[in-house]
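Note that ligands are numbered from 1 as they come in the structure, with each ligand's atoms numbered from 1 the same way. Along the sequence shown, the residues carry numbers beginning at 1.
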Amino acid sequence: MASMTQRVFSAMQPTSDSLQLGNYLGALLQWVELQDGREAIYSVVDLHSLTLAPDPAVLTRRTRVTAAQFLAAGVDPERSVLFVQSHVHEHAELAWILSTFTGMGEAGRMTQFKDKSAQVGESGTNVGLFTYPVLMAADILLYDTNLVPVGEDQRQHLELSRDLAQRLNARLGEGTVVVPEPYITKDTGKIYDLQEPTKKMSKSFSSPRGIIEILEDPKVVAKNIKSAATDSDAVIAFDPENKAGVSNLLTIYSALTGRAIPDIVAEYEGKMYGHLKGDLAELVVEALTPVRERTLDWVESPDRLDAVLAEGAAKASAIAKVTLGRIYDSVGLLPKRG
Ligand code: TRP
């Protein structure tokens, strides 16, 4: 069961027409790195996004464009597995089993559920939103995952996955499932809104000028960076508390170049904000342009994209089937003969 190479699993929901810079720097680049020397499995989790009642045609489009961005960023289907969650039916099946191991109170303590259900009110809250973290645990446990790269906001969900794994092993026998470890993505994931730099850059809360979408027209990207909100004391320094705007620009600069922030600050000593913004705009456009172009290539050949996803689903299914079979046996479901 446990293979020698570490297995990595992560996923994103198809909830937007373009990922934003934070997803790219904080998640995708690390996914790409983690492919080295490990077995990586990445998924577009369309079943999760059904909890938000998406328009059906929009969901279909966003599922393809999300997968295309993974590929464009460097997820390599030759080395890794890339698939759409609903193509592997074991996810929904294991989620059911795991739901019978999850306490109501335990699920009710998930802060993301509390936040989201408070936002939409009781009448807008579906049961899927409540069981969302159980489906996420199924995603992870199905692949005997060792390492799960996720942002800080998913830490509690991952804790639940670990608790469920340990509970299954305690009740059904050690070795029934692998207990996953979180791999919390570094601070580079913390990119703030360009206009309101105390808030996270986010598809749902940022204004069009506060956000950098990776598929956005490069001219708009450059303009947004050049018009980022900064303070009036005109000193380039890293001080997130008092100089959130400039500090955010420095964080992005550092993430894109791999250079340490003090180094960048030293280079810009005595220079104006406009200088930093101009250079950063160029850096961002340079980094995102090839990703954008490759994404558009994939989107323009949906047959080729669908073929990659079909191959990924076949590889994922082969693993998922074995794990689910083992769990079905452990809980005592009568094996189907013939
Ligand atoms: N809940 C995750 C998010 O919103 C997405 C996700 C679903 C996920 N299943 C997963 C992430 C399994 C890691 C592993 O970011």
Side-chain angles (χ1 to χ4, degrees), residues 6-16 19-20 22-32 34-35 38-52 54 59 62-63 66-67 69-70 75 80-95 98-99 102 107 110-117 119 128-165 177-185 189-191 200-205 312 316 319-320 323:
Q6 275 209 323
R7 192 171 275 157
V8 174
F9 183 97
S10 198
M12 280 186 215
Q13 297 188 63
T15 44
S16 63
L19 298 179
Q20 42 97 354
N23 304 123
Y24 178 68
L25 294 175
L28 280 183
L29 287 187
Q30 313 224 20
W31 289 15
V32 170
L34 285 167
Q35 297 179 113
R38 298 185 187 80
E39 210 181 319
I41 304 179
Y42 298 125
S43 184
V44 179
V45 283
D46 53 348
L47 296 175
H48 276 106
S49 68
L50 289 177
T51 57
L52 302 167
L59 173 61
R62 289 180 171 175
T63 301
T66 302
Q69 288 170 102
F70 292 0
V75 169
S80 305
V81 177
L82 169 63
F83 75 104
V84 172
Q85 184 188 35
S86 64
H87 294 177
V88 179
H89 57 76
E90 284 84 357
H91 289 252
E93 293 171 14
L94 180 56
L98 294 179
S99 76
T102 310
M110 296 293 121
T111 55
Q112 197 164 75
F113 170 72
K114 289 198 271 189
D115 291 349
K116 286 202 176 160
S117 56
Q119 267 169 37
L129 212 50
F130 186 65
T131 56
Y132 177 112
V134 178
L135 179 58
M136 177 165 165
D139 298 340
I140 296 167
L141 302 188
L142 259 188
Y143 298 97
D144 291 333
T145 302
N146 304 106
L147 215 57
V148 187
V150 282
E152 184 59 43
D153 64 326
Q154 296 297 310
R155 191 188 280 278
Q156 194 187 27
H157 287 164
L158 212 67
E159 238 0 271
L160 178 70
S161 300
R162 286 171 56 80
D163 289 346
L164 285 170
V177 288
V178 171
V179 181
E181 298 288 338
Y183 180 91
I184 302 294
T185 46
K190 285 210 192 114
I191 308 274
K200 231 178 114 167
M201 187 185 284
S202 137
K203 184 191 69 72
S204 19
F205 300 113
I319 303 169
T323 317

* Give the numbers and elements of all ligand 1 atoms closer than 4.0 Å to a heavy atom of V45. => 7 (C)
* **Which residue and heavy atom of the protein sit nearest atom 5 (C) of ligand 1, plus the separation** => A11 O, 3.6 Å
* Asked: Counting only N and O atoms by type, is there a donor-acceptor contact under 3.5 Å from the side chain of H91 to the main-chain atoms of A138?
  -> no
* **Criterion side chain to side chain contact (heavy atoms under 4.5 Å, CB included) against S43, the qualifying member of Y143, F70, F83** => F83
* Asked: Parallel under 30°, tilted from 30 to 60°, perpendicular over 60°: which one fits the rings of H157 and Y132?
  -> tilted
* Can you check side-chain contact (heavy atoms from CB on, under 4.5 Å) on Q154 and Q112, steps first, answer last? -> CA-CA 9 Å; Q154 296 297 310; Q112 197 164 75; 3.4 Å; yes
* Classify the contact between I140 and ligand 1 as side chain, backbone, both or neither, using a heavy-atom distance cut-off of under 4.0 Å. => side chain
* **T185 side-chain N/O to V150 backbone N/O, donor-acceptor pair under 3.5 Å** => yes
* Asked: Taking the minimum heavy-atom distance to atom 3 (C) of ligand 1, which of Q154, Q85, H157, Q112 ranks first?
  -> Q154
* **Close-contact set for ligand 1 against V150 heavy atoms, below 4.0 Å** => 11 (C), 13 (C)
* **Where ligand 1 meets Y132 - atom numbers and elements under 4.0 angstrom, heavy-atom basis** => 1 (N), 2 (C), 3 (C), 4 (O), 5 (C)
* **Derivation and outcome, side-chain contact (heavy atoms from CB on, under 4.5 Å), residues T111 and Q156** => CA-CA 8 Å; T111 55; Q156 194 187 27; 3.2 Å; yes
* For F9, atoms of ligand 1 separated by under 4.0 Å from a heavy atom -> 12 (C), 14 (C)
* Structure fact -> Contact region, D153 to ligand 1, non-hydrogen atoms below 4.0 Å, reads neither
* Would you sort out whether N23 and L28 count as a side-chain contact (heavy atoms from CB on, under 4.5 Å), showing the intermediate values? => CA-CA 6 Å; N23 304 123; L28 280 183; 5.5 Å; no
* Asked: What are the atoms of ligand 1, with element, lying closer than 4.0 Å to any heavy atom of V148?
  -> 13 (C), 14 (C)
* What residue and heavy atom of the protein are closest to atom 9 (N) of ligand 1, and at what distance? -> D139 OD2, 2.7 Å
